Every structure is written in structure tokens, then in C-alpha cells.
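Here the structure is a predicted model, which means the values were calculated and not measured.
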Amino acid sequence: MNTQLSPRPVYGEGDASYQAAGGYDGLKRLVDDFYRMMQTLPEAKGILAMHNVEDMTLIHDKLTRFLCGWLGGPKLFGERYGPIVIPAFHRQFPIGPAERDAWLLCMREAAALQPWEPEFRDYLLKALFVPAERSRSLD
């Protein structure tokens, strides 16, 4: 009997993070929960209003596809929507530290609902600070 333990994944290398998230389906669940949090948490009222659409299907798809590639999986966003330009796209919105923090709160609450290893959840939430910060309006 082989009692050797397999090595822990190194998040951020190869597709380890994408696999830890459960691949496309796991990230789709995260995004669905994320937008549900955005619709229910009072702190997120302002960032929800920035979306200004009734049907959030396209927005769900874009975030899911972005996260797939960003976490080392297939580059699905680029395949469908072209290059990712986080700061340029978000420049049209008044995003300051409060909006960034509300976005991260929704992500933290959604991540808590996922069946992930705590180490991966912690890694993801720390890593998500980077694109959240890059989305801020820096005048």
C-alpha cells in the first residue's frame, strides 16, 4: 500500500488554482453566489447600481471567464470577448476604496459558500485584492 502523501498544490502555478476552484463549474458557482451577495448585502448597493442592467447573464459570463484564465485555466474571456483591460474598462465607474471593499466583501461571502480547502480560499481572497485595486478610479 502506498502511504505517500501527494504534494500540496502550489496556488498560482500552472492550473493549480483553477483546479482547486473546481474548474469552470466551480467558478461559475462562485460567480453566481458572488452576484447573489451583491444583490443582498447592503454594503454592495452602490456597486450593484453600477451594473445598470436587468439581465446579469452577460456580466456573470464575463467574470466567470475572466476568473478561469486568471487562475491558470483556459483563456475563455479572450476567446469570446477579446483582451482583458481591467483598469481601462472600469475607468467609467466611480470606484474608490469603499466600492473595492464592497466588491471584496461579496467575493469573501461567496467564497465562504464554496467547498474549497481553507488554504485555497485564503489564497484567492488575497490574490483578488490585486484586480479589485486595479479597478479603482485613481485620479
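- Under the 4.5 angstrom side-chain criterion for Ile, Leu, Val, Met, Phe, Trp and Tyr, V10 has no cluster partners at all.
- The shortest side-chain heavy-atom distance between I95 and W103 does not fall under the 4.5 Å cut-off.
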Mind running side-chain contact (heavy atoms from CB on, under 4.5 Å) on F93 and I47 for me, showing each step along the way?
CA-CA 9 Å; F93 304 108; I47 60 173; over 6 Å; no

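- Within the 4.5 Å cutoff, no side-chain heavy atoms of R100 are placed close to those of S135.
- The distance from atom SG of C106 to atom CG of L48, rounded to the nearest 0.5 Å, is 8.5 Å.
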Between M38 and H51, is the side-chain contact (heavy atoms from CB on, under 4.5 Å) condition met? List the steps.
CA-CA 11 Å; M38 191 180 288; H51 290 81; 3.4 Å; yes

Show which side-chain atoms of residues 74-84 pair as donor or acceptor with protein atoms under 3.5 Å away, not counting sequence neighbours.
residue, atom, partner, partner atom, Å
K75, NZ, G69, O, 3.1
R80, NH1, D61, OD2, 3.2
Y81, OH, D61, OD2, 2.5

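- Side-chain contact between P9 and Y11 is present, with at least one heavy-atom pair separated by less than 4.5 Å.
- Y24 is not listed as a side-chain neighbour of L27, based on a closest heavy-atom distance of 4.5 Å or more.
- Across P131 and F66, no two heavy atoms sit closer than the pair CB-CZ, 4.5 Å.
- In terms of hydrophobic clustering, with Ile, Leu, Val, Met, Phe, Trp and Tyr side chains grouped at heavy-atom distances under 4.5 Å, L128 and V130 are assigned to different clusters.
- Using a cutoff of 4.0 Å between basic side-chain nitrogens and carboxylate oxygens, D122 and K126 are not scored as salt-bridged.
- In this structure, CD on Q39 lies 9.5 Å from CZ on R36, to the nearest 0.5 angstrom.
- Using a 4.5 Å cut-off on side-chain heavy atoms (C-beta onward), W116 and L30 make contact.
- Heavy atoms only, all atoms of each residue included: S17 and Y123 are closest at OG-CE2, 3.4 Å.
- R29 CZ to T64 OG1: the interatomic distance, rounded to the nearest 0.5 Å, is 11.0 Å.
- Both L58 and M50 sit in one connected hydrophobic cluster of ILVMFWY residues. Membership requires side-chain heavy atoms under 4.5 Å apart, directly or through other members.
- L71 contributes atom CG, which lies 6.0 Å from atom CG of L124 (distance to the nearest 0.5 angstrom).
- With contacts defined as side-chain heavy-atom distances shorter than 4.5 Å, the pair D55/V53 does not qualify.
- Grouped by direct or indirect side-chain proximity (heavy atoms under 4.5 Å, Ile/Leu/Val/Met/Phe/Trp/Tyr only), L113 sits with M37, L41, L105.
- Taking the six-membered ring where the residue is Trp, the centroids of F34 and H60 are separated by 6.0 Å or more.
- The line from CZ of R136 to CG of D101 is 9.0 Å long, rounded to the nearest 0.5 Å.
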